[in-house]
There are 2 protein chains.
Amino acid sequence: MRAVSTSRPDQQRQQDQLQDRRRRPARDDVRRALLDAAARVFARQGIDGASLDDVAADAGFTKGAVYSNFGSKEGLVAALAEDRTSAYLDLGLEAVDDLDDTLAVRAQVLGDRLTAAGDEQRDWHLLFFELWQRAVRSDDPDGAFRDRRAALHAAVTAAMEEQSTKAGAALPMPASELATLLMALSNGLAMERMIAPEDVPDDLMGRVLALVVGHGPAAGPTDAQ
Amino acid sequence: MRAVSTSRPDQQRQQDQLQDRRRRPARDDVRRALLDAAARVFARQGIDGASLDDVAADAGFTKGAVYSNFGSKEGLVAALAEDRTSAYLDLGLEAVDDLDDTLAVRAQVLGDRLTAAGDEQRDWHLLFFELWQRAVRSDDPDGAFRDRRAALHAAVTAAMEEQSTKAGAALPMPASELATLLMALSNGLAMERMIAPEDVPDDLMGRVLALVVGHGPAAGPTDAQ
DNA sequence: GTCAGTCGATACTCAACAGTATCCGATACG
DNA sequence: CGTATCGGATACTGTTGAGTATCGACTGAC
């Protein structure tokens, strides 16, 4: 059962890992492994800076597997964007959900969670910025990335409205603008934190969000009128 | 896209433009032209995606000029970072300077200016993000980009403190954190605006800044209601 | 057990590009 | 003028990497 790897080629090592020895891995597993490897390698070296050989080798396969599964490098990138942007959306929503407190406290907690998530997923965040760049450069308005971002924005907006209603407190600006602000702040602070961690305290984002949200036109935290 | 030019090689066209025909352009002019072309081409195609031939051709020269002036592609990128990051710093400081009003109003104006600047300099902003990426990936703590960013942060912090003193109003958080916040917000909102302009109203940044700054612990101006 | 189809490995092609060596003409200086 | 130097053009090299053609082994169906 031990994965003896003395001098046998990569694809056999991979097969040992994924299933029993000499068994061909299921297609979905290969796909997954390649996508995960692509996320790692692209994040570290940049999409343009990484070759398909690099990606495939990291997954324990060869380029052939990539072409068989994704058709081209561009196809791999598109699949990756699809795959990982969904994960991002889920993470954001999860952070907003099932909180039960005043708006300001919720905002604080949300900020802390997003900051922590950004730290843990530094690599993925780098990849995210690169996908964003590609989407902006290719002014195709129907890219997967744009769609996903729009969905995230809509979901966050809805969550904001819901939270505001539940808390019975008005928001300081339209929910949709707050959603934009949240996303911008999350990305912007993550950037600053990556390049100069000492300038971005752990709780900064939470404090700012609490400040903004707690300053509603109809109901601040202390002056409920 | 050939202009009216018939068949004369590029370097002669360039010489015609910069000085009289057949006159060799001054070294500094060549350098400038190459840097400007690099900013344009890199912003549009990405640094990795653009070849030195592309850059040189855009400036009306050939690759030889690049190697003669910058030694390597990496050298060109470094010089570009040096050149353009200074410009960015100046723009930020200029936007903060010579304002004379309440803190909140100043914040509002500052936000508007930064937003407008981001719109006008979309290309440069894209390049900026790519330089940021490179700086983050190469964890060399002494890169020109990091240094420049640190200088900008320090300058903005100082400006914040000065403004706060002049206005006689306390800030809602340390000036240094406000500086971080300002930079993050500027970058983050610029990103959102590039990919989804309709989600980011012109005055959003100004309003948020005013909201934050107007909510000082010791002196909110009138407390918005 | 046999056979067809599939999937990934392997070995290529071909183009693009960073970098280099050399050349040539304009400028600067005697 | 004549000559040396300098800076950019031109032609070349080597390498890298995307994409392709083919091959062989595993799988699943009967």
Side-chain angles (χ1 to χ4, degrees), chain A residues 7-35 37-38 41-42 45-80 134, chain B residues 5 7-35 37-38 41-42 45-80:
Chain A
S7 63
R8 293 183 5 245
D10 264 350
Q11 99 270 14
Q12 293 201 2
R13 289 216 334 266
Q14 178 64 32
Q15 287 171 7
D16 286 351
Q17 284 164 23
L18 290 180
Q19 300 193 7
D20 289 38
R21 48 189 307 134
R22 301 203 159 260
R23 190 81 177 279
R24 185 197 280 177
R27 185 129 239 248
D28 282 353
D29 292 343
V30 177
R31 224 187 122 86
R32 256 270 64 79
L34 286 173
L35 280 175
V41 175
F42 284 164
Q45 310 182 26
I47 296 178
D48 287 328
S51 72
L52 290 186
D53 283 325
D54 292 340
V55 172
D58 187 276
F61 294 97
T62 64
K63 217 170 30 167
V66 175
Y67 280 95
S68 170
N69 280 278
F70 302 100
S72 69
K73 186 175 189 179
E74 197 47 44
L76 174 61
V77 171
L80 186 61
R134 292 189 152 226
Chain B
S5 81
S7 61
R8 285 184 322 173
D10 267 348
Q11 99 269 17
Q12 293 201 0
R13 290 218 335 269
Q14 178 63 30
Q15 288 172 4
D16 287 352
Q17 283 163 22
L18 291 180
Q19 301 195 8
D20 290 26
R21 49 186 309 131
R22 305 205 154 257
R23 190 84 176 277
R24 186 197 278 177
R27 186 129 237 249
D28 282 354
D29 292 344
V30 177
R31 225 186 121 87
R32 254 271 65 78
L34 286 172
L35 279 175
V41 175
F42 284 163
Q45 310 181 25
I47 295 178
D48 287 327
S51 71
L52 289 186
D53 283 325
D54 291 341
V55 172
D58 187 277
F61 294 97
T62 64
K63 217 172 28 167
V66 175
Y67 280 95
S68 170
N69 279 279
F70 301 100
S72 69
K73 187 175 188 178
E74 197 47 45
L76 174 62
V77 171
L80 187 60

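Both backbone and side-chain heavy atoms feed into the values below; hydrogens, waters and symmetry mates do not. In what follows, chains carry the letters A, B, and so on, assigned in the order in which the sequence lines appear, proteins first and then strands, with residues in each chain numbered from 1.
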Does a side-chain N or O from B/N69 land closer than 4.0 Å to OP1 or OP2 of D/dG7, or not? no

Just wondering, do B/I47 and B/L80 contact through their side chains at under 4.5 Å, heavy atoms? no

Mapping B/G64 and A/S72 onto DNA chain D by nearest heavy atom, which one lands closer to the 5' end? B/G64

Residues which pass side-chain contact (heavy atoms from CB on, under 4.5 Å) with B/A79, listed by chain and number, not counting sequence neighbours: B/R31, B/L35, B/F70

According to a strict under-4.0 Å criterion, is A/S68 in side-chain N/O contact with OP1 or OP2 of C/dG8? yes

With the criterion being N/O to N/O and under 3.5 Å, what pairs connect the protein with nucleotides 14-18 of chain D, and how long is each?
{"residue": "D/dA18", "atom": "OP1", "partner": "A/K73", "partner atom": "NZ", "Å": "3.1"}
{"residue": "D/dA18", "atom": "OP2", "partner": "A/L52", "partner atom": "N", "Å": "3.0"}
{"residue": "D/dA18", "atom": "N7", "partner": "A/K63", "partner atom": "NZ", "Å": "3.4"}

Let me know the distance between CZ of B/F70 and C1' of C/dG19, rounded to the nearest Å. 16 Å

With sequence neighbours left out, the residues meeting side-chain contact (heavy atoms from CB on, under 4.5 Å) with B/A56 are B/V66

Can you list the residues that meet the side-chain hydrogen bond (donor to acceptor under 3.5 Å, both in side chains) rule with A/D53, with sequence neighbours excluded? none

Among all residues two or more places apart in sequence or in another chain, which pass the side-chain hydrogen bond (donor to acceptor under 3.5 Å, both in side chains) test with B/S68? B/R27

Rounded off to whole Å, could you give me the CG-to-C1' distance for the A/D29 and C/dG8 pair? 14 Å

Output all residues satisfying side-chain hydrogen bond (donor to acceptor under 3.5 Å, both in side chains) with A/Q45, sequence neighbours left out; order by chain, then residue number. none

For the pair made of CG in A/D28 and P in C/dG8, what is the distance, rounded to whole Å? 10 Å

Starting at atom CZ of B/R31, determine the distance to atom P of D/dC6, rounded to an integer number of angstrom. 18 Å

